[in-house]
Amino acid sequence: MIVILFGPPGAGKGTQGELLAQATGLRKLSTGDLLREAVRDGTPLGQQARRFMDAGELVPDPVMVGLVKESVLGDRAARGFILDGFPRTRTQAQALDSMLTEIGKPIDNVLVLDVLDDSIVQRLSGRRSCPQCGAVYNEYFDPPAVPGTCDRCGHALVQRPDDEAATVKRRLDVYRQQTEPVLGYYREGKTPVHAIAGDRPIEAVQDSLRKALGL
Ligand code: AMP
């Protein structure tokens, strides 16, 4: 099964994708996570991607397509994937179609998490994560017991550079201008697209996502 988790930055794609992966046994493929790992490791990809990410811009299509191709074609035995953060442009969507034709797997569903711009800004500007264990908190909705410290492992929490206010605004604009139109591409091609209200508790959103997949 191939599922695309779609939606603006901060809509909850990472959190929901993780839960869905646990429930289905599908692999979650997050391009944002892959890029952050490359930046952390200082690889040539990371060095190339960093300035785009820090500015809230998209990393160029050829780089992204190459990155995803490795994972999709390199793991043909996988039961399927949950894609989080890819595709973000029409060119990426077309490239994904070619890869999936090659491995003989159609896209089962595009699940769109709808969240209002105001809540996105609050979600992203309040987001803090633990660089040690990966736990994610929000200063407003889900704060750690001791401010700035991870409940799970005690490490100091950090803010993603692209979650700072000015960059959040740019990421939202980029989403509306370059990424949202990709939904039109899927609708034209008759791929099932389901919109899910993302401004609800995590469990309620997860429940709707599973129902949309017939689980
Ligand atoms: P995310 O964690 O999905 O919000 O991604 C963080 C940043 O990584 C984005 O703001 C982009 O700069 C970059 N990025 C992630 N996925 C893509 C993609 N499919 N195309 C272009 N840039 C991407």
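Each ligand, and each atom within it, is numbered from 1 in the order the structure gives.
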Set of residues that line ligand 1, where lining means a heavy atom lies under 4.0 Å from it:
T31, G32, L35, R36, M53, E57, L58, V59, M64, G85, F86, R88, Q92, R160, D162, R171
R88 and D61 ion-paired at < 4.0 Å
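Between D61 and R88 there is no salt bridge, as every charged N stays at least 4.0 Å from the carboxylate O atoms.
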Pair Y186-N109, side-chain donor/acceptor within less than 3.5 Å:
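There is no such pair between these side chains.
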Measure from the side-chain N and O atoms of N138 to the backbone N and O of Y140, and report whether any donor-acceptor pair falls under 3.5 Å.
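Confirmed, N138 side chain pairs with Y140 backbone.
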Under 3.5 Å donor-acceptor, K105 side chain and F81 backbone
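No; zero donor-acceptor contacts below 3.5 Å.
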Say you draw a straight line from CZ of F6 to CG of L83; how long is it, rounded to the nearest 0.5 Å?
11.5 Å
Steps toward side-chain contact (heavy atoms from CB on, under 4.5 Å) verdict (R128, C150):
CA-CA 9 Å; R128 298 291 180 276; C150 182; over 6 Å; no
